[in-house]
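First up is the structure itself, then whatever we jot down about it.
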Number of protein chains: 2
Amino acid sequence: MGVSLKDVALRAGVSIKTVSNVVNDYPHVTPAMRARVQQAIDELGYRPNLTARHLRKGRTGIIALAVPELGNPYFAELASAVIDAAARHHYTVLLDHTAGMREKEMLVCQGFRTHVIDGLILSPIELENHDLRGRTDTAPLVLLGEREYDAPYDHIAIDNVAAARSAVRHLAGMGRQRIAFLGARAESARQPAHLRLQGWREELAAAGLPHDDSLVAPTDGYGRADGAQAMAALLDRGVRPDAVFAYNDLQAIGAMRVLGERGLHVPRDVAVVGFDDIEEGRFGAVTLTTISPDKQAIARQAVGCVISRLTGSADAEPRRLRPGHDLVVRESTLGRHR
Amino acid sequence: MGVSLKDVALRAGVSIKTVSNVVNDYPHVTPAMRARVQQAIDELGYRPNLTARHLRKGRTGIIALAVPELGNPYFAELASAVIDAAARHHYTVLLDHTAGMREKEMLVCQGFRTHVIDGLILSPIELENHDLRGRTDTAPLVLLGEREYDAPYDHIAIDNVAAARSAVRHLAGMGRQRIAFLGARAESARQPAHLRLQGWREELAAAGLPHDDSLVAPTDGYGRADGAQAMAALLDRGVRPDAVFAYNDLQAIGAMRVLGERGLHVPRDVAVVGFDDIEEGRFGAVTLTTISPDKQAIARQAVGCVISRLTGSADAEPRRLRPGHDLVVRESTLGRHR
């Protein structure tokens, strides 16, 4: 069988309690003692029984992550990053998808699996303020994404307005004058894209370009087909933009497909910028210029928030964290040969 | 508070035990009684406490799904399908990625989370026969994918040889004569692509085409960048195929990117076929011809196997299930305008 705590204690010449203190990361251990025990652990190849350790603390060692859809590579890439970040804290991740439906988001939120999870990271789309205020489950909840809530929960989101402005600034700086926004929701009541739309409006104003609402192309969803349909609808209405800023990369990729079908060249006729920096955008026939949110930071901060709430080391005040983002310029605005 | 079992029993005019039998899907209930109770359930909006139900049976209601990487859309799409299939049986899914590393696959297999999962669905890459034979954990294990094992576990995989043959047959039928295989592993010891490579060889022989090993392009991994590198290496060696059959869609997409960069037209100069039918392949500048495994069937069968092992309704013999597949023909072999 495996190496025990006792074996490590014997090798290091310390008490089992001391080994336990080191393994459990308790603070009252001197650096020298920690090093001595760690050496014995390394020599013997001891692997702490993490399950037992979590159970002793009354925890399961599982964090749930609920995203709208795994089929969207942004969320799959984010989920990979969360799984890795959680593993560094000896947590595993229970992954769920909500299909962006309010009922499913509420169900996840209300803690229908409280007996197996220690905390929840949720990227909501339809969830409303009063849904959150009615939450009775006590497991730490961390919110991701651009929806804003007036509720006492940690919330992690990049600065969507600034990110959208940098995308539009890039297009305006290249002399584009008719910059479409693709991916606003048709109904105005729930507008998950509102911050990016706001950034588009603000930057057009800053660039001295009129913002023409006929250049806003609504979509029902967030996928490639939605982007393709919205682009086709815009062109069919006789609107002819010289640039497109899409809500996300998937929609931008769908739009580029339609532009190609209509004989319009990207970027000569229409420059395109997406949002998310999914790997797919780096390998198309025309690589995609995009806003790249720092997914590693989002994942690290989300897991960090859950764990600091669990260990009580966090302030009572809910936190608003702003991971970074970059504009990554590729062929869909620059062209292949400069 | 919510509606209870007792409320349903009162409304239906039956015993609580009878309601419980219906809710738990026990067999000894007449259809008429089942309908009567179901009507009361629907009228009152009763929602059974699934957590409690699982716990009563000594289960957690959680199935783990371990895939090599979520960043690969095939696995993300498959995971979505498994989550949906599990939900239909009131199970939730704990998702993990192994990075295709043997050590991580073994860890998952050995049941390091036995206390929280009822069963495991694993898509292995590096795992060996003796790793499986040494497994002591008793939770049901279902294997997915093209690696073949001599171990007493249910295994679900499409017929990879037949699928590869249909891809090559399609290319040969269009008059292509120098059909490259992209995505074999460089080392022969572990060759996850061996069945697709075998299909390629068999069909070349059937078509009367010589199989030229210089047309096999090895890759280290399974991503877009691997496909791009392998395609570039092939061309740099002076090999000039008129068609490429790639191990998967991601590699095919990477290869198409490189063909475009080198001024080669798809499909006029080089026709391309992938494998997996990920959505991305339907939206590129040139849509991708591919083998489409029936992901819904794979997910349904995998969850079905776990559950029938749990409920003891399965035969003791391990099962070998073969979900279907199709060749989906698109622009990368047909061209845009026929």
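Heavy-atom basis, side chains included; hydrogens, waters and symmetry copies ignored. Numbered from 1 within each chain, the chains take letters A, B, ... in sequence-line order.
Here the shortest heavy-atom pairing between Ala76(A) and Ala76(B) reads CB-CB, 4.1 Å. Closest heavy-atom contact between Ser80(B) and Gly71(A): OG-N, 3.9 Å.
For the pair Leu95(A) and Leu94(B), the minimum side-chain heavy-atom distance is 4.5 Å or more. Using a 4.5 Å cut-off on side-chain heavy atoms (C-beta onward), Arg282(A) and Arg224(B) make no contact.
With values rounded to the nearest 0.5 angstrom, Leu250(A) atom CG is found 7.5 Å from Glu279(B) atom CD. In this structure, CD in Glu280(A) is found 10.0 Å from CZ in Phe283(B), a value given to the nearest 0.5 Å.
Ala228(A) touches chain B through its side chain: at least one heavy atom from C-beta onward sits under 4.5 Å away, while N, CA, C and O do not. Only the backbone of Val286(B) comes within contact range of chain A, with heavy atoms under 4.5 Å apart.
Look at Arg257(A) and Glu331(B) and you find a salt bridge, because one of the NZ, NE, NH1 or NH2 atoms lies within 4.0 Å of a carboxylate O, short of that distance.
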